[in-house]
Amino acid sequence: MPLTSLWRDATRTFATATPVDDTQVAQPIDRTAVPRHIAFIMDGNGRWARQRGQPRLFGHRAGTQNLRRVLETCGKLGVEVVTIYAFSTENWGRPQDEVTGLFQILSEAIGREAPALHERGVQIRHLGSLDGIPDRLSSRITDAVRLTAANTNLILNVAFNYGSRAEIVGAVRKLVAAGLTAEQIDEASISANLYTAGLPDPDLIVRTAGEFRLSNFLLWQAAYAEYYSTPTCWPDFDEAELERAVATFAARHRKYGGVDDQDG
Ligand code: IPE
Ligand code: IPE
Ligand code: MG
């Protein structure tokens, strides 16, 4: 099934447990206004925990628990591709016990959520490298990707041990290793060798916790993405927050470098 026709199925899948006829499906959807691909920089877990007098890992646990409602809302809205930034290559620089704890939480979350996501027809993909990742977590990721590979309702990219600059370097190296000449290396060939090969670029990048930076996330793919930042920390980013982000996106005027009637 082509991706462009998937939104309705995703809506059905997430909106109700059983199939319903079209008149019963909530239709908030002006397809031109909903981003096909939303990427989330899930920031502020640590601050969220600190505000509650709790250790940082408490915030990471709450952050992974929040994923379910965000994905369900994306499905209802008709988003086709969701990318989440779970762990950056720079996050290795955090204290060892935070990194170990994060890996443990992510491993539990994948074990818990992958079967339910599979039932909902979500295809899980991994963006990043599994080099240096503990075996248990690494095999959970590989298993989840394999389990859900044929699903078509929604694509969930998990950017884990991901760094955008390293991704671009890796793509260029693959092209050089394949014997391409300098003239043969172009935008299409680089795109085709990124972790996101074949997927539409993100239309909307949402960052929580009030920050306004990309932190080495999807630098190439975000060339024409719209940005949205909210002061809300990730564990509190709920349905209403997501709808606000999408409504803001819908009101933006994308020009891709051109001019149009509204420019006078
Ligand atoms: C985002 O929350 C999750 C990861 C980077 C893994 P943070 O842990 O960065 O939370 P803050 O920014 O310290 O509040
Ligand atoms: C970006 O958040 C990485 C993830 C959300 C996984 P960080 O909290 O690591 O980013 P900086 O350090 O504020 O730039
Ligand atoms: Mg942070």
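In each ligand, atom 1 is the first atom listed, and ligand 1 is the first ligand listed.
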Hey, would you say the [X] and [Y] ring centroids sit under 6.0 Å apart?
{"X": "Tyr162", "Y": "Trp92", "result": "no"}
{"X": "Tyr228", "Y": "Phe40", "result": "no"}
{"X": "Phe212", "Y": "Tyr227", "result": "no"}

Using a cut-off of under 3.5 Å, which N/O atoms of ligand 1 pair up with protein N/O atoms, and what distance separates each pair?
{"from": "ligand 1", "atom 1": "2 (O)", "to": "Gly44", "atom 2": "N", "distance (Å)": "3.3"}
{"from": "ligand 1", "atom 1": "2 (O)", "to": "Asn45", "atom 2": "N", "distance (Å)": "3.2"}
{"from": "ligand 1", "atom 1": "8 (O)", "to": "Arg56", "atom 2": "NH2", "distance (Å)": "2.9"}
{"from": "ligand 1", "atom 1": "8 (O)", "to": "Arg94", "atom 2": "NH1", "distance (Å)": "2.7"}
{"from": "ligand 1", "atom 1": "9 (O)", "to": "Asp43", "atom 2": "OD1", "distance (Å)": "2.9"}
{"from": "ligand 1", "atom 1": "9 (O)", "to": "Arg94", "atom 2": "NH2", "distance (Å)": "2.9"}
{"from": "ligand 1", "atom 1": "10 (O)", "to": "Gly44", "atom 2": "N", "distance (Å)": "3.4"}
{"from": "ligand 1", "atom 1": "10 (O)", "to": "Asn45", "atom 2": "N", "distance (Å)": "3.2"}
{"from": "ligand 1", "atom 1": "10 (O)", "to": "Gly46", "atom 2": "N", "distance (Å)": "3.0"}
{"from": "ligand 1", "atom 1": "12 (O)", "to": "Asp43", "atom 2": "OD1", "distance (Å)": "2.9"}
{"from": "ligand 1", "atom 1": "12 (O)", "to": "Arg47", "atom 2": "NH2", "distance (Å)": "2.7"}
{"from": "ligand 1", "atom 1": "13 (O)", "to": "Arg56", "atom 2": "NH1", "distance (Å)": "3.1"}
{"from": "ligand 1", "atom 1": "13 (O)", "to": "Arg56", "atom 2": "NH2", "distance (Å)": "3.0"}
{"from": "ligand 1", "atom 1": "14 (O)", "to": "Gly46", "atom 2": "N", "distance (Å)": "3.4"}
{"from": "ligand 1", "atom 1": "14 (O)", "to": "Arg47", "atom 2": "N", "distance (Å)": "2.8"}
{"from": "ligand 1", "atom 1": "14 (O)", "to": "Arg47", "atom 2": "NE", "distance (Å)": "2.7"}

* **Heavy-atom pair with the smallest gap, counting every atom of Gly78 and Val34** => C-CG1, 4.2 Å

* Arg94 and Val99: which non-hydrogen atoms are nearest, and at how many Å? ->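 Answer, listing the atom of Arg94 first, then Val99: O-CG2, 3.8 Å.
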
* Asked: Around the Mg ion (ligand 3), what protein N, O or S atoms are found below 2.8 Å?
  -> Asp43 OD1

* N-O pairing of Glu211 and Arg47 below 4.0 Å ->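 Result for this pair is yes, salt bridge flagged.
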
* Would Asp143 and Arg146 pass as an ion pair if we require N to O under 4.0 Å? ->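 Judged by the 4.0 Å cut-off on N to carboxylate O distance, Asp143 and Arg146 do form a salt bridge.
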
* May I ask you to decide if Phe237's main-chain N or O and Asn66's side chain share a donor-acceptor pair within less than 3.5 Å? =>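 Indeed, once roles are kept as given, a pair shorter than 3.5 Å links the two residues.
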
* **Asn157 side-chain N/O to Arg125 backbone N/O, donor-acceptor pair under 3.5 Å** => no

* Within a reach of under 6.0 Å around CD of Glu187, are more than 12 heavy atoms found that belong to other residues, nucleotides or ligands? -> no

* **Ligand-residue contact atoms, ligand 2 with Arg213, heavy atoms, under 4.0 Å** =>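 Near Arg213, the atoms of ligand 2 are 11 (P), 13 (O), 14 (O).
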
